[in-house]
2 protein chains.
Amino acid sequence: MSELPPGTGGHGTSTQAVADALRERILEGTFPPGAVLRQDALAQALGVSRTPLRTALAELARDGLVTYEVNRGYAVRAFDLDDVRAAFEVRATLEALACRRAAERGLPPAALARLAACVTRGEAILGKGRLDPSDLPDYRRMNVEFHEAIIAAGGNPWVAEFVGRTRNVPLASDRVILWEDHGIILRSHDDHRRILRALADRDGHRAAGLMWEHVTRAGEILVAHIAARGQDVVPRRVGADATKGDAA
Amino acid sequence: MSELPPGTGGHGTSTQAVADALRERILEGTFPPGAVLRQDALAQALGVSRTPLRTALAELARDGLVTYEVNRGYAVRAFDLDDVRAAFEVRATLEALACRRAAERGLPPAALARLAACVTRGEAILGKGRLDPSDLPDYRRMNVEFHEAIIAAGGNPWVAEFVGRTRNVPLASDRVILWEDHGIILRSHDDHRRILRALADRDGHRAAGLMWEHVTRAGEILVAHIAARGQDVVPRRVGADATKGDAA
DNA sequence: ACGATCAATTTTGTATCCAATGTCTGGAAT
DNA sequence: ATTCCAGACATTGGATACAAAATTGATCGT
């Protein structure tokens with residue numbers, strides 16, 4: 001079916017393009033959980049040979065998006081609500097850690113300015129009193145940037161990598177809309193504001209606590225949302241923006 | 001140079017065997033940090049084709065043990081002391097989390113018995129008043145089992161995986177000997193004893209605190225050890241046991 | 001009729017081969 | 001003498017072809 005877009009990824013190597021395309025499709029839900037990935041068929045569908053496909057599959061297997069059994073091939077991994085809960089637990093813990101460390105070392109002015117800009121951007125979007133659907137991609141970008149900037153400021157590369165991995169869980173992906181209730185999103189944005197202040201004050205304890213609560217609550221809401229819709233619901237894709245792959 | 005042992009890995013597929021062999025050699029220090037890994041030469045040395053080697057290299061790259069640049073190949077990643085410090089920081093945080101959760105849910109009797117057995121084994125080894133070098137592999141196995149059992153009891157698969165990853169950092173690997181001072185090891189074992197008690201008492205706060213301190217201190221000692229010997233020191237390999245790969 | 005065994009087909013894993021890209025060396029021009 | 005460019009070499013990335021393993025189906029036996 002769907003061919004591989006011509007200049008996909010732009011990473012130069014087609015292995016990366018294939019990996020990105022597959023990641024996309026899995027996160028998007030095109031490949032349902034448990035689906036076996038036939039190498040020959042997939043390679044033909046993507047317009048490449050089996051060699052890069054195989055490498056890409058190995059990469060996704062390491063990412064935990066697909067499972068692998070020798071001589072039995074690859075299959076899309078199925079995630080359940082417990083996996084999502086666990087992912088958010090780890091994420092809350094690690095982001096809180098990053099927050100604490102960032103606050104303790106003190107953020108460079110440039111980083112503070114970046115965070116402040118994020119908050120301002122969010123204010124502009126939310127100021128309308130309602131979150132316009134067309135603003136949603138922008139808001140999500142801002143949100144991701146805010147979190148990534150803090151993680152980067154935390155200075156622990158492992159945190160960045162592991163948090164990035166938890167974002168690759170299909171159901172827990174950032175691309176899921178859960179911001180329908182304006183009250184929730186307002187509170188979330190207020191969290192950002194307070195986190196920024198705690199960081200500026202170099203109050204590690206407070207910053208960590210706020211971030212932990214912030215992420216934990218987001219997870220709770222997401223889990224409730226998924227549970228309400230039924231287990232087999234697949235997240236809808238929203239924007240056309242690609243995830244930034246490796247967190248800086 | 002060194003051929004691939006005949007039935008290596010036993011995983012059936014030679015890709016896994018190659019991956020394990022390379023991982024081993026990198027952690028062992030045979031391939032110094034920064035060394036470029038020529039595919040053709042390596043494949044010939046290991047007695048396999050370039051195809052499985054490339055797959056294995058891709059896997060190691062996702063593991064973070066080697067770096068990769070398109071059209072420029074793979075190279076052994078260089079870790080510095082900051083990486084080790086960061087790894088232990090994450091590990092302490094995550095293992096503390098696992099400890100808290102394990103204590104809160106309450107461990108099944110079987111798990112408690114396993115942990116108690118570990119403590120008893122340690123007592124037997126340490127009872128001699130000195131750590132016999134011949135007992136060291138046993139002690140290390142016990143230590144690994146103790147930590148892994150708790151992580152498993154924590155019930156968060158992500159924690160298990162991420163902690164396992166931090167163990168793949170060459171300098172921070174478990175295989176490094178740092179238990180030369182008997183006082184240190186005695187204290188470490190006492191930590192185990194107290195952690196077990198806190199778990200049995202379902203005191204999550206205490207268990208987490210103990211574990212955090214336990215791991216953090218181990219990291220400090222290791223870092224000091226490495227720093228004292230100079231940056232370019234490569235960890236010596238100790239036993240002949242393979243790391244258990246994926247943590248349960 | 002049900003089960004087991006065997007064979008054929010499908011699918012994965014590996015090796016070899018070709019193309020594309022990066023690097024290095026040598027020379028020429030400034 | 002130094003720097004820049006060009007061509008050859010080496011190394012990586014991808015594709016095709018081949019072998020081994022597994023799953024499926026059918027057939028034979030009980």
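All values below come from the heavy atoms of this structure, side chains included, with hydrogens, waters and symmetry mates left out. Quick note on labels: first sequence line is chain A, next is B, and so on, each numbered from 1.
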- Query: A:Gln39 side chain: which of C:dT16, C:dT12, D:dG13 is closest?
  - Reply: C:dT12

- From the options D:dA15, C:dT14, C:dA15, select the nucleotide whose nearest atom is closest to the side chain of B:Ser14. C:dT14

- Message: Can you measure B:Arg50 atom CZ to C:dG13 atom P for me and round it to whole angstrom units?
- Response: 19 Å

- B:Tyr68 near the nucleic acid: base, sugar-phosphate alone, or nothing, with a heavy-atom cut-off under 4.0 Å? sugar-phosphate

- Separation of B:Leu42 atom CG from D:dG13 atom P, in whole Å? 13 Å

- Does a side-chain heavy-atom distance below 4.5 Å link B:Arg101 with A:Glu89? yes

- Base, sugar-phosphate alone, or nothing: which one does A:Leu37 contact when heavy atoms must sit under 4.0 Å apart? sugar-phosphate

- Note on the structure: When rounded to whole Å, the CD to C1' distance for the pair B:Gln44 and C:dA15 reads 14 Å

- Task: Report the nucleotide, chosen from D:dG14, C:dT23, C:dT14, that has the shortest atom-to-atom distance to any side-chain atom of B:Arg72.
- Result: C:dT23

- Does the B:Thr30 side chain pair with the main chain of B:Ile26, one donor and one acceptor, at a distance under 3.5 Å? no

- Item | Closest to side chain of A:Thr13, choosing from D:dA15, C:dT16, D:dG13 | D:dG13

- Task: Send over the distance from B:Leu57 CG to C:dT14 P, rounded to a whole Å.
- Result: 14 Å

- Task: Quickly work out the A:Gln16 CD to D:dG14 C1' distance and round it to whole Å.
- Result: 15 Å

- Query: DNA chain D: A:Asn71 or A:Thr55, which has the more 5' nearest nucleotide?
  - Reply: A:Thr55

- Message: Over 60° means perpendicular and under 30° means parallel, so tell me whether B:Phe79 and A:Trp158 are parallel, tilted or perpendicular.
- Response: parallel

- Query: Under 6.0 Å from the six-membered ring centre of A:Phe162 and within 45° of its axis: does the NZ or CZ of A:Arg165 meet both?
  - Reply: no

- A:Arg38 CZ to C:dT10 P: how many Å, rounded? 11 Å

- Between CD of B:Glu69 and P of D:dT12 the distance, given in whole Å, is 13 Å

- Distance, rounded to the nearest Å, where A:Arg54 contributes CZ and D:dT16 contributes P: 16 Å

- Query: Would a 4.5 Å heavy-atom cut-off, applied to side chains only, mark B:Leu65 and B:Val169 as touching?
  - Reply: no

- Query: Just to confirm, is there a sub-4.0 Å distance from OP1 or OP2 of C:dG13 to any side-chain nitrogen or oxygen of B:Thr51?
  - Reply: no

